[in-house]
Amino acid sequence: MSPGTDSVPRNLILGLALFQSLVLLLLHQGIEAGWPALSSGAFRLTAYTLTLALPAVLMLLVRDARDAFSGRCALGLLVLLPWLGLHSGGACGDLESCENVYVPYVLCLGVALFILSAFLQNRRDGRGLDYPSLFQNAWDNGLTLSSTAVFTGLGWLIFWLAAALFKVVGINWLKDVIESRLFAYPASGLLVGLGLAVARAQPGAMRASLRVCFALCRMLLPVLAGLALVFASVLPFTGLAPLWKTGQATFLLLALTLGLISLTNAVVEDLREPAQAGRFTRVLLTGALCVLQLYAGLAVYGLSLRVGQ
């Protein structure tokens with residue numbers, strides 16, 4: 001749900017965040033204790049997928065404890081997420097080989113759920129595939145998550161400051177408590193839940209922040225568009241071999257593609273107003289969007305090579 005579109009269920013969000021943090025604590029304890037179930041890469045990835053992804057989507061979507069639509073979405077995710085975790089974790093075999101799967105899996109799943117959340121919010125509000133609403137939901141969600149991350153970081157800075165101050169006067173036990181996982185996990189969960197609840201309840205602040213973000217994006221877009229065009233013009237002379245040798249070709253190409261799409265989306269905005277980009281920016285953007293297909297194709301090709309390996 002977009003922040004502030006209706007009453008924000010603060011206690012429910014806090015409960016979900018605290019539950020999520022306690023389950024993560026239990027998983028951490030279980031891994032250290034050597035629980036047999038968590039020695040399987042497939043089960044471990046599935047457990048973390050459910051624990052991290054399901055509450056996160058619900059905290060953005062839920063309206064109240066009797067929200068039937070959010071309940072149906074939760075049931076759907078309870079079917080989809082375990083399948084994804086078992087499939088991805090089972091494909092990598094032992095835990096050591098799973099290390100190479102975790103990062104791309106988390107990135108892909110995070111992007112997919114972020115996009116899905118905007119569509120679910122539109123569906124919940126009866127707006128279907130209305131693009132302006134999808135645009136607003138996606139940017140509101142992005143700002144909500146960003147402000148929550150900043151709030152959580154500031155909260156931990158205060159905890160560390162308190163520990164450092166008391167340590168100066170010879171009280172060391174506070175530092176030990178703060179650094180213990182029995183405190184760290186629940187405290188982080190409460191900070192995340194409170195940050196999400198407060199951010200969702202501040203629609204005016206989110207709209208003002210969006211205007212600032214769009215202004216910054218209009219300044220960054222020509223730089224990234226120019227980079228995309230220059231890099232595309234260099235590739236015919238260098239070939240693809242140097243790109244593949246980096247071992248990070250797919251990641252770099254996807255980062256360039258997603259960055260260009262995101263900045264373009266910010267400049268074009270929700271299609272209800274003409275873009276405020278200058279003529280030079282529009283020319284650069286047109287050229288960059290033309291070569292965007294090239295980067296997407298190279299990323300898919302690089303990914304297919306990686307899968308083959």
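Quick note: residue numbers are just sequence positions, from 1.
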What's the shortest heavy-atom distance between [X] and [Y], and which atoms?
X	Y	answer
Leu24	Tyr185	CB-CE2, 3.7 Å
Ser233	Pro236	O-CD, 3.4 Å
Ala17	Gly189	CB-O, 3.1 Å
Leu14	Leu190	CD2-O, 3.8 Å
Gly259	Leu224	C-CD2, 3.4 Å
Ile13	Met59	O-SD, 3.7 Å

Go through the steps for Tyr301 and Leu253 under the test side-chain contact (heavy atoms from CB on, under 4.5 Å), then give the verdict. CA-CA 11 Å; Tyr301 177 64; Leu253 292 170; over 6 Å; no

Trp156 and Trp160 aromatic ring geometry - parallel, tilted or perpendicular at 30°/60° bounds: tilted

Can you list the residues that meet the side chain to side chain donor-acceptor pair (under 3.5 Å) rule with Asp130, with sequence neighbours excluded? Ser133

Test side chain to side chain donor-acceptor pair (under 3.5 Å) applied to Lys167 - qualifying residues, sequence neighbours left out: none

Same cluster for [X] and [Y] if Ile/Leu/Val/Met/Phe/Trp/Tyr side chains link at under 4.5 Å?
X	Y	value
Leu298	Leu227	yes
Leu260	Val111	no
Ile178	Leu154	yes
Trp139	Leu134	no
Trp83	Val106	yes

Would you call [X] and [Y] a side-chain contact if the rule is heavy atoms closer than 4.5 Å?
X	Y	value
Ser117	Asn137	no
Leu182	Gln29	yes
Phe231	Leu252	no
Ile261	Thr264	no
Leu77	Leu116	yes
Leu129	Asn122	no
Phe114	Leu145	yes
Leu235	Thr238	yes

Candidate list Thr49, Thr46, Leu109, Leu50, test side chain to side chain contact (heavy atoms under 4.5 Å, CB included), partner Leu84, passing option: Leu109

Counting neighbours of [atom1] on [X] that are heavy atoms of other residues, nucleotides or ligands and sit closer than 6.0 Å, is the number greater than 12?
X	atom1	answer
Leu75	CG	yes
Phe166	CZ	no
Arg123	CZ	no
Phe183	CZ	yes

Spacing of [atom1] belonging to [X] relative to [atom2] belonging to [Y], to within rounding of 0.5 Å:
X	Y	atom1	atom2	answer
Leu292	Leu258	CG	CG	9.0 Å
Asn141	Leu196	CG	CG	9.5 Å
Asn11	Leu18	CG	CG	12.0 Å
Ser188	Leu25	OG	CG	10.5 Å

Heavy-atom donor-acceptor pair, [X] side chain to [Y] backbone, under 3.5 Å:
X	Y	value
Tyr295	Ala232	yes
Tyr105	Leu45	no
Arg124	Leu61	yes

Mind checking side-chain contact (heavy atoms from CB on, under 4.5 Å) for Leu254 and listing every partner two or more places apart, or none if nothing turns up? Thr250, Ala299

Can a donor-acceptor pair be found between the side chains of Gln121 and Asp140 at a distance below 3.5 Å? no

Could you walk me through whether Leu58 and Leu12 pass the side-chain contact (heavy atoms from CB on, under 4.5 Å) test, one step at a time? CA-CA 10 Å; Leu58 287 178; Leu12 182 56; over 6 Å; no

Apply side-chain contact (heavy atoms from CB on, under 4.5 Å) to residues Arg181 and Glu32 and explain how you reach the verdict. CA-CA 12 Å; Arg181 68 175 66 113; Glu32 287 201 343; 2.9 Å; yes

